[in-house]
Amino acid sequence: MTETTTGPPATSTVDAVIIGAGFSGLYMLHKLRDEMGLHARVFETGDGVGGTWYWNRYPGARSDSDSYIYGFTFDRDLWESWEWSERYPESHEIRGYLEHVADRFDLRRDITFGTRVVSATYDEDSHWRVVTDQGETVTATYVISAVGALSASNTPPFEGIDTFAGPTFHTGHWPHEGVDFTGQRVGMIGSGASAVQATPLIAAQASELTVFQRTANYIIPANNGPVDPQVKAERREDWAGIRERIQQSNFGFELYLQEKGAAEVSDDEREALLEDFWNRGGFHIWLGSYADIFFSTEANDLVRRFLDRKIRETVHDPATADLLVPSGYPFGCKRNPLDSGYFETFNEPHVHLVDVKTNPIAAITGSGLRLADGAEFEFDALVLATGFDAMTGPLNRIDIRGRGGQLLREKWAEGPRTYLGLMSHDFPNLFTITGPQSPSVLSNMPVSIEQHVDLVGRIIVDLRERGASEIEPTKEAEDAWCTYNAEIANATLFPTADTWYMGANIPGKPRQFLPNLDFVGPYRAKCDQIAANGWEGFAIDGVATPAGDHVYRWALAS
Ligand SMILES: Cc1cc2nc3c(=O)[nH]c(=O)nc-3n(C[C@H](O)[C@H](O)[C@H](O)COP(=O)(O)OP(=O)(O)OC[C@H]3O[C@@H](n4cnc5c(N)ncnc54)[C@H](O)[C@@H]3O)c2cc1C
């Protein structure tokens with residue numbers, strides 16, 4: 001659907017510019033405009049609302065978060081006004097939900113679609129100058145990045161990438177009219193969460209599907225389907241309880257790690273729990289089983305063995321199963337895809353798996369691709385399921401200049417530097433919703449988004465009540481937050497895996513664990529205390545409040 005926009009003036013002044021119209025941008029606009037009475041404008045590259053769900057329309061694209069918690073909880077009437085059709089909503093249904101949100105709060109009138117923000121420059125008079133690719137300049141007191149953590153799609157720099165004669169589709173930029181692969185030979189590069197969702201459906205149409213896999217994944221059944229009407233009704237009633245529980249939880253789900261570790265229970269007990277969780281589907285094994293899998297290789301191996309066995313029980317060809325069984329990294333330290341028949345698809349005679357870790361892709365050719373050993377593959381269509389330049393990518397693609405003309409991406413050349421993942425020193429009044437070094441992608445994201453939007457709202461209310469012009473983190477607080485984030489990540493197994501959490505999927509990207517590991521509930525409590533103590537770690541109009549030790553204390557360690 002193409003949204004209509006009214007023609008904007010070439011230059012204007014507003015209180016706030018918001019970049020992006022997904023979950024984050026929509027709620028931020030509602031908060032600033034409808035709850036706080038500010039003049040805010042949103043710029044969005046796409047032609048409609050939805051963010052992730054505007055762009056990701058590949059076959060099988062859906063949330064891996066359960067539908068009842070994959071939405072806003074800030075408004076009970078909104079909660080009750082929407083009914084999801086399945087356990088996990090498909091992309092078009094989430095897009096429909098966000099269109100419903102935009103309609104309900106009349107948000108579109110302040111969103112300019114089809115417009116990319118190309119630069120945001122801080123002028124020393126406490127204002128930002130925001131320039132779009134349509135030639136418009138807007139001056140704003142606050143700039144709020146709602147650009148998403150997974151919105152900068154990654155196309156690896158394969159030699160010959162532009163030479164393929166057939167159509168090439170990136171899962172993150174799927175054509176709105178859909179693609180019919182009937183009777184076609186399809187090559188798909190990548191085997192992460194998007195590929196896992198798309199493979200069974202593309203295989204159902206294609207005459208041949210060849211998946212080129214660099215890294216095998218631990219994949220757990222989604223167990224999708226309709227939700228019992230009784231359960232739905234109970235959830236509808238339990239708005240306050242669910243909201244409270246997911247806000248206080250570790251990951252924004254109603255999932256809770258077991259009291260005992262995998263290595264502390266008997267084999268029978270562990271086997272029974274894992275089998276139960278496997279059958280329930282979803283993130284139970286990842287985010288609701290044993291905490292020690294994130295710290296101990298021995299404990300992790302106990303769960304890995306269970307998952308390895310499941311793959312071998314499902315995949316008939318032992319050589320293919322060997323390739324599909326992950327090795328070399330711990331379970332849980334890479335985004336856990338959920339599947340609906342992914343492994344089973346490789347039992348079909350027209351579906352092939354090719355390992356490109358040991359024999360990498362040398363070049364894309366006019367008719368397909370060539371591997372390092374010279375093997376050639378021919379296709380009619382090529383699918384790039386090659387993921388995203390996560391977390392820092394969307395911000396680094398904008399020329400964001402803070403004090404003294406400093407470019408944010410230059411400041412972040414060795415990795416992001418933030419305080420709370422929300423602000424960066426020398427970039428006053430610039431807020432990054434679900435930014436790097438916040439829990440963000442390690443959570444059910446609408447919960448983290450609501451928390452950040454509410455926090456930004458509180459900060460701005462407070463600034464205005466004080467008659468203050470600007471806020472930024474102190475350098476000391478930022479340095480300490482960066483050190484703290486690295487330390488807690490290094491206490492876990494996460495850094496041992498080559499993942500997009502570590503920036504490892506992008507050549508040249510600094511290797512640094514990008515999200516924060518405080519987890520949703522403790523991070524929220526920390527932010528609340530920082531606010532209650534007069535914005536510890538921030539300077540307001542140059543007056544700093546030092547951050548107490550509690551800011552750098554890890555709840556998980558206690
Ligand atoms: C395939 C996929 C599956 C996912 N599944 C889950 C899941 O199961 N659970 C979960 O919690 N999360 C999931 N996510 C993460 C998902 O991104 C978030 O849940 C949520 O949609 C993020 O909302 P957002 O508004 O912060 O960002 P986005 O939805 O990414 O929206 C950002 C918007 O900003 C726009 N933008 C970026 N840069 C600019 C610019 N310079 N100028 C103008 N506009 C710009 C983009 O066009 C985009 O529309 C998934 C992500 C993907 C890609």
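Just follow the structure's listing: the first ligand is 1, and inside any ligand the first atom is 1. Residue numbers start at 1 and run along the sequence shown. This structure is a prediction, so every number in the text was calculated from the model and none was measured.
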Check ion pair [X]-[Y] (N to O, under 4.0 angstrom):
X    : Y    : value
D498 : K334 : no
D454 : R524 : no
D426 : K411 : no
E136 : R41  : yes

[atom] - nearest protein heavy atom and its distance:
atom                    : answer
atom 23 (O) of ligand 1 : I449 CD1, 3.7 Å
atom 27 (O) of ligand 1 : G148 CA, 3.1 Å
atom 45 (C) of ligand 1 : T45 OG1, 3.3 Å
atom 24 (P) of ligand 1 : S24 OG, 3.4 Å

Is the closest heavy-atom distance from R335 to ligand 1 below 4.0 Å? yes
Any N or O on [X] sitting closer than 3.5 Å to an N or O of ligand 1?
X    : result
S65  : yes
V117 : yes
T52  : yes
M445 : yes
W55  : yes

Measure S443 to ligand 1 on non-hydrogen atoms and call it side chain, backbone, both or neither using the 4.0 Å cut-off. backbone
Tell me whether the rings of W84 and Y97 are parallel (<30°), tilted (30 to 60°) or perpendicular (>60°). tilted
How long is the gap from CZ on F43 to OG1 on T132, to the nearest 0.5 Å? 6.0 Å
Among Y70, W53, F23, which one has a heavy atom closest to atom 19 (O) of ligand 1? Y70
Out of R116, E44, R397, H452, indicate the one that has the non-hydrogen atom closest to atom 46 (C) of ligand 1. E44
